[in-house]
Amino acid sequence: MSTIQQTLQEQLAKGLHELFSIEVSEIVLQETKKEFEGAYTLVVFPYTKQAGKAPAAIATDLGEYLMANCGIVKTFQVVQGFLNISIHDSAWLDLLASVASDKNPFQIESKGEKVLIEYSSPNTNKPLHLGHLRNNFLGFSVAQILAAGGYDVVKTNLVNDRGIHICKSMLAYQLFGNNETPETSGLKGDHLVGKYYVAFDVAYKEEIAELKAKGLEEEQAKKQAPILLKAQEMLLKWEQGDEEVMNLWNTMNAWVFAGFEKSYKTMGVSFDKIYRESNTYLLGKQIVDEGLASGVFFQKPDGSVWINLEAEGLDEKLVLRKDGTSVYITQDMGTAQLKYTDFKASQSVYVVGNEQDYHFEVLFHILKKLNKPFSQGNFHLSYGMVDLPSGKMKSREGTVVDADDLMAEMIQTAKDRTLELGKIDGFTEVESNELFHNLGLGALKYFLLKVEPKKRMLFNPEESIDFQGNTGPFIQYTHARICSILRKAGTINSINTDSELASSEQELIYLLGEYKAIIATAAANFAPSVIANYAYDLAKTFNKFYNEMTILSEENEVKRNIRIILADLTGKTIQHATSLLGIVSPNRM
RNA sequence: GGUUCCGUAGCUCAGUUGGAUAGAGCAACUGCCUUCUAAGCAGUAGGUCUUUGGUUCGAAUCCAAACGGAAUCACCA
C-alpha cells in the first residue's frame, strides 16, 4: 500500500469520526474507474445509516474535510455515493521518489517464518509431460513469491521411485530391451524408460485380449495376464532387496534422474532437498503404531488399520494394509514427519493436482487428530489438469504432450519469430540461443501461470502459444525496450517534485506504488496469477506512456529526468515480477 | 448416487474481503514506423456474467435450487 493511500485512509477515518462520529477500523479505498476523474474512490453507501444523511451529502462533506485537512488532495468529485479523490502531482512525485530511493523496493521484511514447499514429485517410470510443467512452474513461482514475501523458503521434491508402475517399465525393459542404454539408443534416459512403460502396456493389453479370446471375463483377464503377475513378482523381489532387481532398478533410475536433471535445467527450476519414496515409504508405520496406541486409529479383525473421519464429514479410511504394508497415505504421514524433523517449517505447501483433493483433505485431518506439531499450516495447492482437445493425457497410452518436446518447440518458435523480425543484429550465437530460450520459456511459463491454478485448462498443440498481446514475450519486450532507453539516457538525477504529470505518468506511478502490496497478496494466496496479471498491467501501462510521451528528446530537463526514472523503475519492477514467475527478462530482444 | 471444483465475448482468460456503463488478449475490420525497439499504440465490432429464486441501497461476486462439465469416493500411487 502506498503512502498516499495510507494518508487518505487516516484522514478519512478521522473525518468520519469528527463529522459523523463514525468509527471505522479500516477504510477501503479502490482505484477510480477510468471514466471518472480521480485516483482513489471511497464508497460512502455503508455510512448512510450511521451518518443519517444522503450518500452524496456525506461524500461532499468528506471531500471538503479532505481539502481542508489533507495537503495531498488536489480536488474531489462526488458521483452519487462515490467520492472520487484527485491527488496533487507533487504527492505522486514524492511517492515515485520514495519508491525509487528505496534500497529494497521489492523485498518484504522477513517474517521469521519458514515455509516448506513440495512440488514436481515425478514418477521415475516415464518422462515429464505438460501437466508436470504446470506443477513445476507453479511450485517454483510460489517459492519465489513467498521468498519475496519475507518467508524463509525450502523447496522440496518427493520423487516416486518405487511401486508396481516402476516395476512395469523395468520388466518390459528386461523382456524387450536388448540391453539398450541412453547412449546406444540416443534417447534421453527418462524417455528410454518411458518407452518401456508404454511397451508394457501394449504387451499387457495383448495378453488381456488373448485371455478374453480363450473365454475369460475382462476382469479376470486383467488380473491373470502373465506379464502383470511377473511385475507383481518383481515388486516383491524389490521389497526383499533381490540383487538382480535392485541392480536394474538402480540403473534405470539413474537414467531417469539424469534425464530429469536436464529437464529441470531447461525449465529453470531447482530444489533444496530431494526426497525419494524408496527411502520414506516405511516411515509412516511408526506413526500408525502411535495412533493405534492413542486411539486415533483402530484395527479391524483382519489386522488392517483404519481411521474414522465420519465426524469430519468423510468416511472410514485405511491407513495400513492387513499384511502390514503401507499405503499412499501411510507414506505421506511419514514424509510429513520427516520433513518436519529436517526443517521445522511452520507452513507446508503441497503442489499436487486436484485429483488428489480428497487425499490431502484426509491427510490433514489425520495429522490434526494425531495432534502433530506439523498439523497446522498445511496447504494443498491444488491445480486443474491440462487437457488436450482429444481429452485427458495418458502416459501409458502415449497420448501426452511431452515436456521436453514442448519446451523445444517453444524455443524453436521463439527463434523463428525473432529471425522473422530480424532482431538479433550484433548478437553472438550464445546470446541468440539464450534469448530464444528465455523467450520460448517465458511464453510457456506465462501461459501456464496467468491462469488461476484450480481451473483446468485446455491446451491445443495445433495452435501455438502466442507471442503477442497478453503473453510473456509482450512483457519481456517492454523490459527490453526500457533497457534500450536507459542505455542512451546518461546519468539520472534526483527527482524534482515540482512538475506536472500526464495521466499516463500518474497511472504508472500508481501501479509502481502498488507492487509491494501485490507481492503480499500473491504470497498470502500462493497465487502467481496475481503477479502475472500485475506484470501485464504494468507493461501495458508503460507502453501507453511510451507511445504518448517522448522521453529522451523531452526538452524540459525536469520532465525528461522524471520520465527516465519512471522507465528505470518500471524496468526493474518488470524484471523482478517476471523473476517471481521464473521468467527471465532479457535486456535486448 | 455422495462429496469437491469449474461455468464471464466466437476462442483463451482477468475481475482480491459485494460498488459506478462487466475488462484484457487472440481471431475480424480501420488507422499509426525519416523521432526513444511496431513482439508496440490508438480505434470499430463483439455480453441475458449457464438458468431461476433469495439476501440488500447495490450481486459476475454471498445463499439456495436446477442445468452443463471435471475430479474423487481402491488393502493403486
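Here is the naming used below: chain letters follow the sequence lines, and residue numbers restart at 1 for every chain.
Between A:Lys540 and B:rG25 there is a side-chain N or O to OP1 or OP2 distance below 4.0 Å. Contact check, A:Arg560 against B:rC36: no side-chain N or O comes under 4.0 Å of OP1 or OP2. Within the 4.0 Å cut-off from OP1 or OP2 of B:rA39, at least one side-chain nitrogen or oxygen of A:Tyr477 is found. Using a 4.0 Å cut-off, no side-chain N or O of A:Arg563 falls inside it from OP1 or OP2 of B:rC36. An OP1 or OP2 oxygen of B:rA77 is reached within less than 4.0 angstrom by a side-chain nitrogen or oxygen of A:Arg321. Taking 4.0 angstrom as the limit, A:Lys450 places none of its side-chain polar atoms (N or O) nearer than this to OP1 or OP2 of B:rA14. Between A:Lys544 and the phosphate of B:rC41, there is no side-chain N or O to OP1/OP2 separation shorter than 4.0 Å. Contact annotation: A:Tyr546 side-chain N/O to B:rA38 OP1/OP2 distance is under 4.0 Å. Between B:rG7 and A:Lys455, a contact under 4.0 Å exists linking OP1 or OP2 to a side-chain N or O.
Atom pair A:Asp323:CG and B:rC75:C1' shows a separation of 8 Å (rounding to whole Å applied). Note: CD (A:Glu555) to P (B:rC36) measures 16 Å, nearest angstrom. In this structure, CD1 of A:Ile485 is placed 12 Å from C1' of B:rG40, rounded to the nearest angstrom. Protein atom NZ of A:Lys322 is 15 Å distant from nucleotide atom C1' of B:rC76, rounded to whole Å. As a whole-Å value, the separation of A:Asp466 CG from B:rA27 P is 6 Å.
In this model, no donor atom of one side chain and acceptor atom of the other lie less than 3.5 Å apart for A:Thr471 and A:Asp466. Side chains of A:Gln575 and A:Ser585: a donor-acceptor N/O pair is absent below 3.5 angstrom, by distance only. There is no side-chain donor-acceptor pair under 3.5 Å between A:Tyr119 and A:Asn157. Side chains of A:His380 and A:Asn354: a donor-acceptor N/O pair is absent below 3.5 angstrom, by distance only. Of the N and O atoms on the side chains of A:Asn84 and A:Tyr40, not one donor lies less than 3.5 Å from an acceptor on the other residue. Side-chain atoms of A:Arg481 and A:Asn543 include a donor-acceptor pair closer than 3.5 Å.
Closest to the side chain of A:Asn354, from the set B:rA20, B:rA38, B:rA71, is B:rA71. If you check B:rC73, B:rA77, B:rA39 against the side chain of A:Gln356, the one that comes closest is B:rA77. Distance from the side chain of A:Thr521 is smallest for B:rU16 among the nucleotides B:rC13, B:rU16, B:rA20. Listed nucleotides B:rA20, B:rC13, B:rC41 differ in distance to A:Val79; the shortest reach to its side chain belongs to B:rA20. Residue A:Gln468 has its side chain nearest to B:rC26 when only B:rC26, B:rA77, B:rU12 are considered. Here the nucleotide nearest the side chain of A:Phe82, chosen from B:rC75, B:rA24, B:rG19, is B:rG19. In this structure, of B:rA39, B:rU17, B:rA77, it is B:rU17 that holds the atom nearest to the side chain of A:Glu26.
The aromatic ring of A:Tyr536 is not stacked on the base of B:rA24, since the criterion of ring centres less than 5.5 Å apart with planes inclined by under 30° is not met. Ring-base stacking between A:Phe474 and B:rA39 is not satisfied when judged by a centre separation under 5.5 Å and a plane angle under 30°.
Remark: RNA chain B takes part in the stems B:1-7 with B:67-73, B:10-13 with B:23-26, B:28-32 with B:40-44, B:50-54 with B:62-66, each of 3 or more antiparallel Watson-Crick or G-U pairs, criterion distances under 3.5 Å.
Look at the C1' atom in both B:rU30 and B:rC63: the space between them is 47 Å, to the nearest Å. Comparing the C1' positions of B:rG23 and B:rA9 gives an interatomic distance of 11 Å, to the nearest angstrom. Comparing B:rA27 with B:rU12, their P atoms are spaced 15 Å from each other, to the whole Å. The C1' atoms of B:rA14 and B:rA24 are separated by 7 Å, rounded to the nearest whole Å. For the C1' atoms, the distance linking B:rG18 with B:rC13 amounts to 22 Å, nearest Å.
The base of B:rU37 sits with one of its N or O atoms less than 3.5 Å from a complementary donor or acceptor on the side chain of A:Lys423. Taking 3.5 Å as the limit, the base of B:rC75 and the side chain of A:Asp302 contain a donor-acceptor pair of atoms between them. Between the base of B:rA77 and the side chain of A:Asn125 there is no donor-acceptor pair shorter than 3.5 Å. Judged by atom type and distance alone, A:Thr478 does not reach the base of B:rA39 through any side-chain donor-acceptor pair under 3.5 Å. A donor and an acceptor atom sit less than 3.5 Å apart, one in the side chain of A:Thr418 and one in the base of B:rA39.
Looking at heavy-atom distances under 4.0 Å, A:Thr41 makes contact with a base. Using a 4.0 Å heavy-atom cutoff across all strands shown, A:Leu421 reaches at least one base atom of the nucleic acid. When heavy atoms are screened at a 4.0 angstrom cut-off, A:Pro46 is found touching base atoms of the nucleic acid. When heavy atoms are screened at a 4.0 angstrom cut-off, A:Val451 is found touching the sugar-phosphate backbone but no base atom. Using a 4.0 Å heavy-atom criterion, one finds that A:Val530 contacts no nucleic acid atom at all. Among the heavy atoms of the strands lying under 4.0 Å from A:Glu277 are primed sugar atoms or P, OP1, OP2 only; no base atom is included. Within the nucleic acid shown, A:Asn84 comes within 4.0 Å of at least one base atom, counting heavy atoms only. Across all strands, A:Leu314 comes closer than 4.0 Å to no nucleic acid atom at all (heavy-atom distances). Counting any heavy atom pair closer than 4.0 Å across all strands shown, A:Tyr328 reaches a base atom. Residue A:Met457 is classed as a sugar-phosphate contact, given heavy-atom separations below 4.0 Å to backbone atoms only.
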Yes or no on ring pair (Phe, Tyr, Trp, His ring centres under 6.0 Å) for A:Phe364 and A:Phe379, after CA distance, side-chain angles and deciding distance? CA-CA 9 Å; A:Phe364 297 159; A:Phe379 181 75; 8.4 Å; no
Derivation of the side chain to side chain contact (heavy atoms under 4.5 Å, CB included) call for A:His365 and A:Ile307: CA-CA 10 Å; A:His365 274 306; A:Ile307 185 166; over 6 Å; no
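Note on A:Lys322 versus A:Asp302: no salt bridge recorded, every NZ/NE/NH1/NH2 to OD/OE distance being 4.0 Å or above. For A:Lys34 and A:Glu507, the salt-bridge test fails: no basic side-chain N is under 4.0 Å from an acidic carboxylate O.
Between A:Tyr197 and A:His165, the gap from one ring centroid to the other reaches at least 6.0 Å.
Glycosidic conformation of B:rC32 is anti; the angle lies outside 90° of 0.
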Under 3.5 Å donor-acceptor pairs involving side-chain atoms of residues 560-568 of chain A, not counting sequence neighbours:
unit_1   : atom_1 : unit_2   : atom_2 : d
A:Arg560 : NE     : A:Leu552 : O      : 2.7
A:Asn561 : OD1    : A:Asn493 : N      : 3.0
A:Asn561 : ND2    : A:Asn493 : O      : 3.0
A:Asn561 : ND2    : A:Ser494 : O      : 3.3
A:Arg563 : NE     : A:Glu505 : OE2    : 2.9
A:Arg563 : NH1    : A:Thr550 : O      : 2.9
A:Arg563 : NH1    : A:Glu554 : OE1    : 2.9
A:Asp568 : OD2    : A:Lys572 : NZ     : 3.1

